[in-house]
**Student:** 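Dropping a structure here in C-alpha cells format, bear with me for questions.
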Amino acid sequence: MPDHIVARVVAWYDANARDLPWRRPITSPWGVMVSEFMLQQTPVERVREPWARWLERWPTPGDLAASPSGDAVRAWGRLGYPRRALRLHGAAVAITERFGGRVPDDLDDLRSLPGVGSYTAAAVASFAYGRRAVVLDTNVRRVLGRVAAGEAYPGAAQTRAEVAVAETFLPDEPALAARWAVASMELGAVVCTARAPRCDVCPVIDVCAWRQAGYPAWAGPPRRGQSYEGTDRQCRGALLAVLRGSDEPVAHDELATAWLEPVQRERALASLVTDGLAVRTGADDPRWSLPG
DNA sequence: GAGGCGTGGGG
DNA sequence: TCCCCAAGCCT
C-alpha cells in the first residue's frame with residue numbers, strides 16, 4: 001500500500017510542484033541549508049526575498065563565518081525567531097572549522113550543528129544530497145496521520161510510532177526516497193493543509209483513512225494557541241527591532257521608549273544578552289547593540 | 001516533555 | 001476582528 005501511495009504522490013508532485021528557488025538544481029547544499037533554517041516556523045512566501053539576499057551576500061558557509069554574528073541577526077530582518085540567525089551563523093562557523101567549509105551530508109554530522117535537529121538534518125541530506133532519510137515535518141506528519149491513521153491532526157509531540165510509519169513509506173532507492181520526501185511535504189503544504197484541505201485535488205483521496213472514516217474531528221487534547229500579546233517574546237521582539245534598526249549602539253532610553261514597562265523590559269533585555277542577541281557596550285555610558 | 005521562542009498573513 | 005498557524009529547535 002505505501003508503495004502505491006508513494007508513486008501517486010510523487011507523480012502528483014512532478015506535475016504540480018511549486019517553483020521554489022531553493023529547489024532548483026543549481027542551488028548549493030548551503031543554499032538548501034539556509035532555506036531550511038529560514039523555513040523553520042516561517043511561511044514560504046516570507047522566505048523568498050531574504051533567502052535570495054542572504055545567498056547573494058554569503059554564497060558559502062565560509063563567507064558567513066567571516067562576518068560578525070550581529071550582521072546575520074540584522075540580515076535576518078523580521079523573519080522571526082532571531083536565535084535561528086545566530087544558530088545559522090554558528091553552523092557556518094562549525095562547517096568551516098570542522099568540515100572544511102563543506103555542508104555535511106551525514107545525518108549525525110548535520111545534527112552536530114547548532115540549530116539542526118532531526119528534521120533539518122534529514123531535509124538537508126535528502127534535498128541537497130539525494131540521500132535516503134525520513135523527512136518528518138509538520139506537513140508529512142499531518143499527511144501520514146490522515147492517510148494512514150485517519151486522524152485530523154498529529155499530536156503535539158512526534159512519537160516513535162509516527163517515525164515507524166514514516167519508515168514504511170520511505171522507498172529503498174535513495175533517489176525515489178528523496179522525491180517522496182519533498183513530494184509528501186508539498187502535498188501537506190498545498191493540498192492536505194491544516195485549515196481547509198483540498199481533498200478534491202488530492203491524488204490519494206481514495207485510500208485516505210481520514211476520508212474513509214468520514215473526516216472525524218480532532219479528538220485529542222485542545223491545540224492551545226500561543227498567546228503573544230504582552231509576553232516576553234513580544235517585548236524581546238520590540239527591543240531587538242530597535243537594535244536591528246540602528247547602525248550605532250543605542251542608549252537605554254531608546255529601549256525604554258520601545259517598551260515602557262520596566263520590569264519586563266529589563267528581564268527581556270537580560271535574556272537577549274544571555275542568548276547572545278544583544279551586547280552591552282560602554283563603561284560609564286552604557287549602550288546596547290547587536291553582537292559583533 | 002512541556003514551554004519558550006517572533007512575526008505576519010489568511011480564514 | 002480574532003484566532004490559528006507556518007519546512008522546529010533547545011532546555
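Naming convention: chains lettered A, B, ... in sequence-line order (proteins, then strands); numbering from 1 in each chain. Below, each value reflects all heavy atoms present in this structure, side chains not excepted, and no hydrogens, waters or symmetry copies.
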**Student:** Can you check whether Q40(A) has a side-chain N or O nearer than 4.0 Å to OP1 or OP2 of dA7(C)?
**Tutor:** no
**Student:** Could you give the CZ-to-C1' distance, from R84(A) to dA7(C), as a whole number of Å?
**Tutor:** 10 Å
**Student:** Which nucleotide in the set dC9(C), dG8(C), dA6(C) lies at the smallest distance from any side-chain heavy atom of D137(A)?
**Tutor:** dG8(C)
**Student:** Using the C1' atoms only, state how far dG6(B) lies from dC4(C), rounded to an integer number of Å.
**Tutor:** 15 Å
**Student:** Between dG8(B) and dC9(C), how far is it from one P atom to the other, in whole Å?
**Tutor:** 23 Å
**Student:** Would you mind classifying the nucleic acid contact of L20(A) as base, sugar-phosphate or nothing, using non-hydrogen atoms under 4.0 angstrom?
**Tutor:** base
**Student:** Over how many whole Å does the gap from L136(A) atom CG to dC9(C) atom P extend?
**Tutor:** 11 Å
**Student:** Taking the side chain of R87(A) as its heavy atoms from C-beta onward, which of dA7(C), dC9(C), dC5(C) lies nearest to it?
**Tutor:** dC9(C)
**Student:** Could you tell me whether the phosphate oxygens of dT7(B), OP1 or OP2, come under 4.0 Å of any side-chain nitrogen or oxygen in R233(A)?
**Tutor:** no
**Student:** Mapping S35(A) and L113(A) to their closest nucleotides on DNA chain C, which lands nearer the 5' end?
**Tutor:** S35(A)
**Student:** Whole-Å distance between dA7(C) C1' and F127(A) CZ?
**Tutor:** 7 Å
**Student:** For the side chain of R195(A), counting heavy atoms from C-beta on, which of dC10(C), dG4(B), dG10(B) is nearest?
**Tutor:** dG10(B)
**Student:** With rounding to whole Å, what would you report as the distance between dC5(B) and dA7(C) at their P atoms?
**Tutor:** 22 Å
**Student:** Looking only at side-chain atoms of R142(A), point me to the closest of dA7(C), dC5(B), dC5(C).
**Tutor:** dA7(C)
**Student:** Please determine, for the side chain of R83(A), which listed nucleotide (dA7(C), dG6(B), dC5(B)) has the closest atom?
**Tutor:** dC5(B)
**Student:** Would you say Y119(A) places a side-chain N or O within less than 4.0 Å of OP1 or OP2 belonging to dC9(C)?
**Tutor:** no
**Student:** Would R8(A) and Y13(A) count as a cation-pi pair here, with the cationic atom under 6.0 angstrom from the ring centre and within 45° of the axis?
**Tutor:** no
**Student:** Side chains of T281(A) and W288(A): any donor to acceptor distance under 3.5 Å?
**Tutor:** no
**Student:** Would you mind telling me which residue lines up with the more 5' stretch of DNA chain C, T193(A) or A121(A), judged by nearest nucleotide?
**Tutor:** T193(A)
**Student:** Would you say R244(A) reaches dT7(B)'s phosphate, i.e. side-chain N/O to OP1/OP2 under 4.0 Å?
**Tutor:** yes
**Student:** Counting only distance, no hydrogens or angles, is the base of dT7(B) paired donor-acceptor with the side chain of R46(A) under 3.5 Å?
**Tutor:** yes
**Student:** What I'd like to find out is whether the side chain of V147(A) reaches to under 4.5 Å of the side chain of W210(A), using heavy atoms alone.
**Tutor:** no
**Student:** Taking the side chain as C-beta and beyond, is there a heavy-atom pair between E162(A) and P154(A) under 4.5 Å?
**Tutor:** yes
**Student:** To the nearest 0.5 Å, tell me how far S35(A) OG sits from L20(A) CG.
**Tutor:** 9.0 Å
**Student:** Does a side-chain N or O from T138(A) land closer than 4.0 Å to OP1 or OP2 of dC5(C), or not?
**Tutor:** no
**Student:** Check whether any side-chain nitrogen or oxygen of R78(A) sits under 4.0 Å from OP1 or OP2 of dG8(B), and answer yes or no.
**Tutor:** yes
